[in-house]
*Asks:* 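Pasting in a structure now, in structure tokens, and then I'll have a few things to ask.
Order of the sequence lines sets the chain letters (A, B, ...), proteins ahead of strands, with each chain counted from 1.
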Protein chains: 4
Amino acid sequence: MISKEENILFAAEKLFAERGFEKTSTREISREANVNISMISYYFGSKEKLLESLFEMRMAESQTYIKEIMAKPDLNEWQKISLIIDRYTERVRTYKVFYTILQTEQLTNKNEQIIRYLENSKKGFLDMYQKLVDDGFQNKTFKKKPNIAMMHATLSGTMFYAMNGLPMYKDYFSINKENIDYDQQYFQDLNLHIKEILKHILGYEENK
Amino acid sequence: MISKEENILFAAEKLFAERGFEKTSTREISREANVNISMISYYFGSKEKLLESLFEMRMAESQTYIKEIMAKPDLNEWQKISLIIDRYTERVRTYKVFYTILQTEQLTNKNEQIIRYLENSKKGFLDMYQKLVDDGFQNKTFKKKPNIAMMHATLSGTMFYAMNGLPMYKDYFSINKENIDYDQQYFQDLNLHIKEILKHILGYEENK
Amino acid sequence: MISKEENILFAAEKLFAERGFEKTSTREISREANVNISMISYYFGSKEKLLESLFEMRMAESQTYIKEIMAKPDLNEWQKISLIIDRYTERVRTYKVFYTILQTEQLTNKNEQIIRYLENSKKGFLDMYQKLVDDGFQNKTFKKKPNIAMMHATLSGTMFYAMNGLPMYKDYFSINKENIDYDQQYFQDLNLHIKEILKHILGYEENK
Amino acid sequence: MISKEENILFAAEKLFAERGFEKTSTREISREANVNISMISYYFGSKEKLLESLFEMRMAESQTYIKEIMAKPDLNEWQKISLIIDRYTERVRTYKVFYTILQTEQLTNKNEQIIRYLENSKKGFLDMYQKLVDDGFQNKTFKKKPNIAMMHATLSGTMFYAMNGLPMYKDYFSINKENIDYDQQYFQDLNLHIKEILKHILGYEENK
DNA sequence: AATGAATGAGCGTTCATTCAT
DNA sequence: CATGAATGAACGCTCATTCAT
């Protein structure tokens, strides 16, 4: 059984992604969630805090898998990076709606709580990449030491740009909007494309 | 002498980038532009059409340099791509505010005119890349034929993600907000980073 | 206890009659009704629909008394017409403000819903008169068969023109604005005047 | 050659009748009249005074024909009333648009100048009717002395109500909007209908 | 715990009119 | 004489939020 609170959260996520935070009214959210309009203030305090709650939920999820992967003892640095890319691709594909909101907020939001979430997340990723690159370079898994900021920009930038572009490509090639096979292939290509680039800038050679 | 119409356009560009289209009120624009609030309707018809006018202006500018480069007879395919990246980096750096708006609109706007501008622009770039890649492969400048959609996602995605991240890096490393030298270095690194990746995925070797 | 919704309706009726629909602002209505300005949209949807609601209420009332009179079994055709004129006079006197609005809307309004109300009402009256005239002619209550459109124009036209002229007459003869006795006499004269004309054009003779 | 001033006047008359005074903007008038928007203030002072000028023009016209008829020496009282009705019918038919405005203003306008025009006009008619009725009664042309206010209400009320109803009848009987023959017949019926009533309430018998 | 009526601020836009040229 | 850019006030309406129940 899904609670009213979750109903609101998921309805808001969908509508914020579709129309943007500002253009989505609390009335629409309450209608979509099948709850009374005043329940939003009641449960979350305000529309703004509802957005924060949404970020809190989704961002917490992504912190866990990073730690999980980093803790695995029997993987070398490239295997860890490769696994991170796999999980990242999967998450972006699954939570497209949330990552649409995230990008928008990154561009315009001035909400302090959300800025903190975003910075923490970004710094977490940067630290992790730095460690993997340093370790990998030291033990000669990697031959190069790329600029971490640039490497991250390529990884995340390519991912998001490709994600945003998918509907346009489907429209362009007249692919059915609900065609999941196409999505699958697209995200697989994307995954390989990113890995290919990272291998190059890290100076990693397979089967060595 | 700058006209009232341009005053409004530039004030709007600044505020739309800072707060987003929805959160920016016509009153704020008129205050920032030092004009009466009704001048917005007078010159542009509506707030929506003001945004369209802004897109029209900036997008028209970017179409010209593409044609210019493609028409140059004495450059090989890589030199053309390299030049495109140079110009692109320069534009993004100069018109940061506009490209912030562009990204936001790409994510949420439902305005038909703007969707058309964005699609036209994107298709223009894709067609150009396709032609350069095909030609370069034929005459053996390039050894590989990458997926154009993915190549474009990496080029534009890296560029925008890096652009968006700049203020955070400056903040992180306590660099003065107005420090232009840092920006210069940052965008130069970005430029080289992107070129390095493209050379790899195109299979281009220098000094051959 | 009178509800806020009714408060708005009656305040609007008064102001629309006094100044006309366009010249009456929602702010004035809310002030007159002692409610917040947003309650108009809340209860009625819009200023336009508030007017429609007003028409719905008043027009529904007038449909009932027609049916009531027509259904009376023990009255001849002239007695029915006579009774209709009595009720009509009474209504116009009581709801002067509404009939002022009705006339204005008849002249300029383009609102489809209201046009429909007005046409239905008018056709209802015309059908009724036609039936009474036909029946009365057949059973020799009436000696003439007048043009129904013209008969209706005289009945309603005289009524409204006289109603509109009343304030001017009171002003002209320096009668106190609130003097109800004068009104009573005026509407009684009007009632008899109209009946006298209708008897003539229907060829009805009393005491036959 | 028609002057700009007249162009504005006729354009305003048309639009005020179609949409009402308030709903007609000065921009629309200037567009319809093919003049610059500021010419309205320039020539007439304001939108309000433009309406006054319109009334001044049309009301002056109607005063002349009354005096003309009253001055005719060789007509008896009924012949004068009959002639007044003829001219009145003709004017209403010709200046339908203006009489639509007149009725609306009579219902809601608070403009002092216009109120004065309307009162003067009405009193002029009432005085004239009073004189004709008194004279006719004295010389036994008429057998009755009706209430002048009621007689006027029937004359003008029937006229206007019938005029306003014409479009609805044409629509109802699917008559072409531009069919002038139907109009002609309609106004002739109206003319005879009003005369028939007046003969009755004045106690006038023809060919006696 | 849950409702929905009610609030007040602010929104984008239109208006008649003015004024520098 | 005539223009049209520019003004400031007011418009109808929507918004997130509050509050009595």
*Asks:* Under a 3.5 Å distance rule, please check whether Ser121(C) uses its side chain to pair with a backbone N or O of Tyr117(C) as donor and acceptor.
*Replies:*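 No; judged by distance alone, with no hydrogens or angles, the pair does not exist.
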*Asks:* Measure from the side chain of Ile37(A), starting at C-beta and using heavy atoms only, and say which of dT17(F), dC11(E), dC15(E) lies closest.
*Replies:*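 Closest nucleotide among those given: dT17(F).
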*Asks:* Around atom NZ of Lys49(D), are there more than 12 heavy atoms from other residues, nucleotides or ligands closer than 6.0 Å?
*Replies:*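 Check fails, neighbour count at 12 or below.
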*Asks:* How many whole angstroms separate atom OH of Tyr43(D) from atom C1' of dT3(F)?
*Replies:*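 Distance, rounded to whole Å: 12 Å.
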*Asks:* When the distance from CD of Glu52(C) to C1' of dG12(F) is rounded to whole Å, what number comes out?
*Replies:* 15 Å
*Asks:* How far apart are the closest heavy atoms of Leu118(A) and Gln106(A), and which atoms are they?
*Replies:*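 The answer is CD1-CA, 4.0 Å.
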*Asks:* Send over the distance from Leu50(A) CG to dC15(F) C1', rounded to a whole Å.
*Replies:* 16 Å
*Asks:* Under 4.0 angstrom, heavy atoms only, what part of the nucleic acid is Ser30(D) near: base, sugar-phosphate, or nothing?
*Replies:*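 Contact class for Ser30(D): none.
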*Asks:* Please report, rounded to the nearest Å, how far the P atom of dG4(E) is from the CZ atom of Arg31(A).
*Replies:* 14 Å
*Asks:* Which part of the nucleic acid does Phe44(A) contact within heavy-atom distance under 4.0 Å: base, sugar-phosphate only, or nothing?
*Replies:*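 No contact.
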*Asks:* Distance check: side-chain N/O of Thr26(D) vs OP1/OP2 of dA16(E), anything under 4.0 Å?
*Replies:*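 Affirmative; the distance criterion is met.
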*Asks:* Map Ser38(A) and Glu28(C) onto DNA chain F by nearest heavy atom, then report which one ends up closer to the 5' terminus.
*Replies:*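 It is Glu28(C), whose closest nucleotide lies nearer the 5' terminus.
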*Asks:* Please state how far atom CD1 in Ile29(C) lies from atom P in dC11(F), giving the value in whole angstrom units.
*Replies:*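 Rounded to the whole Å, the gap is 11 Å.
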*Asks:* What's the closest nucleotide to the side chain of Met39(D) if the choices are dG12(F), dA2(F), dT18(F)?
*Replies:*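 Comparing dG12(F), dA2(F), dT18(F) against the side chain of Met39(D), the answer is dA2(F).
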*Asks:* Using a heavy-atom cut-off of 4.0 Å across all strands, would you classify Ser25(D) as base, sugar-phosphate, or nothing?
*Replies:* sugar-phosphate
*Asks:* Nearest to the side chain of Tyr42(C), which nucleotide is it out of dA16(F), dT13(E), dG4(E)?
*Replies:* dG4(E)
*Asks:* With Watson-Crick and G-U wobble geometry limited to distances under 3.5 Å, how should the secondary structure of DNA chain E be encoded in dot-bracket form, using | for bases paired to another strand and [ ] for crossing pairs?
*Replies:* .||||||||||||||||||||
*Asks:* Check Phe10(A), Phe16(A), Phe55(A) against Phe98(A) for a ring pair (Phe, Tyr, Trp, His ring centres under 6.0 Å) and give me the one that passes.
*Replies:* Phe55(A)
*Asks:* Using a cut-off of strictly less than 4.0 Å, decide whether Ser46(D) has a side-chain nitrogen or oxygen near OP1 or OP2 of dA16(E).
*Replies:*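 No, because none of the side-chain N or O atoms of Ser46(D) sits under 4.0 Å from OP1 or OP2 of dA16(E).
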*Asks:* Select one nucleotide: of dT13(E), dT18(E), dC13(F), the one nearest the side-chain heavy atoms of Ser41(D).
*Replies:* dT18(E)
*Asks:* Looking at Asn36(D), I'd like to know whether one of its side-chain N or O atoms comes within less than 4.0 Å of OP1 or OP2 on dG4(F).
*Replies:* yes
*Asks:* Can you check whether Ile29(B) reaches Thr24(B) side chain to side chain, under 4.5 Å on heavy atoms?
*Replies:*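 Of all side-chain heavy-atom pairs linking Thr24(B) with Ile29(B), at least one is under 4.5 Å.
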*Asks:* Rounded to whole Å, how long is the line connecting atom CD of Glu5(A) with atom P of dA1(E)?
*Replies:* 11 Å
*Asks:* Do the side chains of Phe21(A) and Lys47(A) get nearer than 4.5 Å, heavy atoms only?
*Replies:* yes
*Asks:* Mind checking Ile40(A) for me? I need base, sugar-phosphate or nothing, with any heavy atom below 4.0 Å counting as a touch.
*Replies:*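 The answer is nothing, as Ile40(A) stays clear of every strand by at least 4.0 Å.
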*Asks:* Between the side chain of Lys4(B) and the main-chain N/O of Asn36(B), is any donor-acceptor distance below 3.5 Å?
*Replies:*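 It does not hold such a pair.
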*Asks:* Let me know the distance between CG of Leu15(A) and P of dA16(F), rounded to the nearest Å.
*Replies:* 12 Å
*Asks:* If you go through the side-chain atoms of Arg27(C), does one of them form a donor-acceptor pair with the base of dG12(F) closer than 3.5 Å?
*Replies:* yes
*Asks:* Rounded to the nearest 0.5 Å, what separation is found between the CG atom of Leu54(A) and the CE atom of Met57(A)?
*Replies:*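 If we round to the nearest 0.5 Å, Leu54(A):CG and Met57(A):CE are 5.0 Å apart.
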*Asks:* Would you kindly give the NZ-to-C1' distance between Lys47(B) and dG10(E), to the nearest whole Å?
*Replies:*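 The distance from NZ of Lys47(B) to C1' of dG10(E) comes to 12 Å, rounded to the nearest Å.
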*Asks:* Looking at Lys4(B), I'd like to know whether one of its side-chain N or O atoms comes within less than 4.0 Å of OP1 or OP2 on dT7(F).
*Replies:*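 For dT7(F), OP1 or OP2 has a side-chain N or O of Lys4(B) closer than 4.0 Å.
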*Asks:* Does dT14(E) have its OP1 or OP2 closer than 4.0 Å to a side-chain nitrogen or oxygen of Lys23(D)?
*Replies:*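 Negative; the distance criterion is not met.
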